[in-house]
Structures are given as C-alpha cells and as structure tokens.
Amino acid sequence: MSEPIIYVEQLRKSYGSVEALRGVSFQVQEGEVFGLLGPNGAGKTTTVEILEGMRTADAGQARVCGLDPRRGGVAFQQQIGAVLQQTALPDKLRVGEAVELFARLYGRRRDLGALLERLGLADKQHAFYNTLSGGQRQRLALALALVHEPRVLFLDEPTAGLDPQVRREIYEIIEELRREGKTILLTTHYIEEAERLCDRVAIMDYGKLIALGTPAELRQRSSNTTRITVRLKEPIEDGRLRQLDGVVDCRPILDGYLLHSQRPPQTLVALVKQLEALGNELQSLEISAPTLEDVFIELTGRSLRD
Ligand code: ATP
C-alpha cells in the first residue's frame with residue numbers, strides 16, 4: 001500500500017483536566033473519504049484541528065501529505081483546504097469578492113467562475129454574505145476551501161444545523177468531490193452522513209477510536225441483532241420489553257421503543273402475547289438491519305444523541 005496521505009499515531013491532547021484525545025491512531029489513503037463519527041465532545045474537532053495545524057498535540061504524531069502540520073508552512077497550507085465548524089465573513093463582502101480574496105491569499109488563479117458554478121453559487125456572485133441562506137453560506141465555505149485545489153479537504157460537521165434538503169445538496173457536492181478522487185476527512189454525528197459519504201469510518205467516543213472500518217464492515221459487527229421499532233397505543237415499562245424472548249437491548253425513542261433482537265420471530269410472537277395480556281396494542285412495527293448507530297450502542301451502551 002502507498003504512503004498514507006494522513007497519518008495519525010497515538011495522538012493525545014488535554015485541555016486542563018479534560019483529556020480530549022487519549023491515544024488516537026488511524027491512517028487515510030489518497031482518494032478516500034474518511035469519517036470521524038461520534039457524539040459531541042468525543043474529540044473529533046480536536047483531531048481535525050491538530051491535522052490542520054491549528055492546535056498542537058501533547059503527544060503522538062500527525063502527518064498530512066508527508067508534512068508535520070505545525071511546521072509545514074506555506075507548502076502545507078497549499079495542500080489542505082478546511083471548512084471549520086463555523087465560518088463567518090463580513091456582512092457586506094460579496095460572494096465573488098470572497099472567492100477572489102481567498103484565491104489571492106493562496107496565490108492561485110483557477111477559474112473562479114467555474115468553481116462558483118459547480119457549487120451552485122454562480123447567480124450569487126454579487127450577493128452580500130449577510131443575504132445568503134445557511135446552505136449557501138456552507139457552499140461558499142466549501143468554495144473558499146477549494147479555491148487553491150488542495151489535495152486534502154477537512155470538513156468539520158459540514159451539515160450541522162442545516163435542514164435535510166440543504167444537507168442533501170451538500171452531500172451531492174461531497175460525492176462529486178469524492179468521484180474526482182479528492183481525499184476528504186470529515187467529522188459528523190449524523191449516521192446517514194457517515195454511511196452515505198464515507199469509504200471508511202472511525203467511531204470515536206471519549207477521546208478514543210472504538211471501531212474502524214467500512215460502513216458495511218462496522219454494520220456486520222452487529223449483524224447478529226435486528227432492529228425492531230415499535231409504536232404502541234399506551235406506553236409500557238421498557239423493562240417488560242427487555243424481557244421478551246430474543247431481546248438483547250431495549251430503549252425508549254421519541255414516540256416508541258427500539259428493540260434489538262437476536263431472534264426476531266420469537267420476539268415478535270412474545271411481543272404480541274405481552275401486549276394482548278396488557279390490553280395494549282401495536283400501532284406500528286418496523287424491522288430493519290443494523291445501522292452504525294447500533295454499533296455505537298453495542299460498543300458504548302449509549303446512543304449517539306444521549
Ligand atoms: P463537538 O461536535 O461538540 O465539537 P467533538 O467530538 O468535536 O465535539 P471536541 O470539540 O474535540 O469534540 O472536544 C473534546 C473535549 O474537549 C470536550 O470535552 C470539550 O468540551 C473539550 N474541549 C474542546 N476544546 C476545548 C478548549 N478549547 N478548551 C477546553 N476544553 C475544550
């Protein structure tokens with residue numbers, strides 16, 4: 001295998017008494033889309049900021065394109081593009097001016113019109129920043145990160161806070177970049193984002209990687225359980241559902257219960273009997289294969305949104 005384009009070995013970082021990273025190691029090959037998936041506070045942003053050269057690790061090694069992010073200087077900056085968790089530009093800066101400004105900062109002159117076109121911002125070229133919607137601002141942040149044609153793109157929570165339709169637009173842009181062979185490291189706490197966009201995913205919790213693989217490999221880890229989502233007429237003690245034949249986990253969700261079963265047919269029979277005995281009724285039932293969320297629950301006993 002060729003030299004990894006991102007190399008991370010035993011990274012550690014503390015903020016006072018908070019151990020944000022407790023020995024994180026992974027490698028990314030050129031052309032891969034690699035996801036760091038985990039709940040808030042898992043250490044995703046800290047990892048990315050070290051790789052971008054914005055923070056210094058307390059211990060361990062980080063290399064991007066063969067360079068130390070803290071010492072790589074201009075050569076390093078030319079190779080990476082970054083979309084931070086929040087981007088703020090002056091209200092009265094126009095979209096076209098922002099792109100021009102960044103291109104000048106990097107000393108590059110690519111076809112900026114084509115870049116804006118590609119990100120769906122061609123008709124916004126003369127618009128002030130403060131008139132843009134959340135999705136347009138995020139597409140502009142992507143344009144600014146791509147202005148110098150970097151080899152590696154870091155995206156920290158690229159769709160956080162955007163509505164589902166806008167989120168899908170951003171997914172399409174990332175998918176296009178992936179087809180072009182751009183190496184992308186993204187952080188997310190959205191399962192859908194990790195499953196849809198990433199070639200490989202590292203699941204992170206409390207400053208450690210707790211699983212790493214392709215989405216399919218990770219899902220297979222929990223392939224001995226099936227998700228059964230039920231909505232009932234009346235609430236029920238989740239302890240009762242946990243005792244049903246085959247059930248290995250049960251947790252309340254927004255409007256029902258999520259069960260994990262190793263023997264779905266037996267669980268369903270037992271569920272129907274239990275509800276009959278209690279005078280309760282099923283309102284809906286959904287059976288599905290495990291997701292990355294299930295892998296996370298199995299590994300940590302919590303859900304990503306707990
Ligand atoms: P989020 O999605 O909320 O950004 P994350 O997975 O990216 O979460 P980090 O932002 O890396 O996690 O935070 C890891 C831990 O370090 C958290 O407990 C956080 O509160 C703490 N932390 C992060 N930045 C700082 C800082 N500048 N000073 C002190 N503590 C910090």
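Heavy-atom basis, side chains included; hydrogens, waters and symmetry copies ignored. Indexing begins at 1, ligand by ligand and atom by atom, following the structure's order. In what follows, residues are counted from 1 in the order of the sequence shown.
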Restricting to side-chain hydrogen bond (donor to acceptor under 3.5 Å, both in side chains), what partner residues turn up for Thr188, sequence neighbours left out? Glu193
May I ask you to say whether Asp245 pairs ionically with Arg263, meaning some side-chain N is under 4.0 Å from a carboxylate O? yes
Pi-cation contact, Phe76 with Arg71 (under 6.0 Å, within 45°): no
Over 12 foreign heavy atoms within 6.0 Å of CD, Gln86: no
Are any side-chain N or O atoms of Gln85 and backbone N or O atoms of Thr45, one a donor and one an acceptor, separated by less than 3.5 Å? no
Close residues (non-hydrogen atom under 4.0 angstrom from ligand 1) work out to Tyr15, Val18, Ala20, Pro39, Asn40, Gly41, Ala42, Gly43, Lys44, Thr45, Thr46, Arg55, Gln85, Glu157
Given the side-chain rings of Phe26 and Tyr7, with only the six-membered ring counted for Trp, is the space between their centroids under 6.0 Å? no
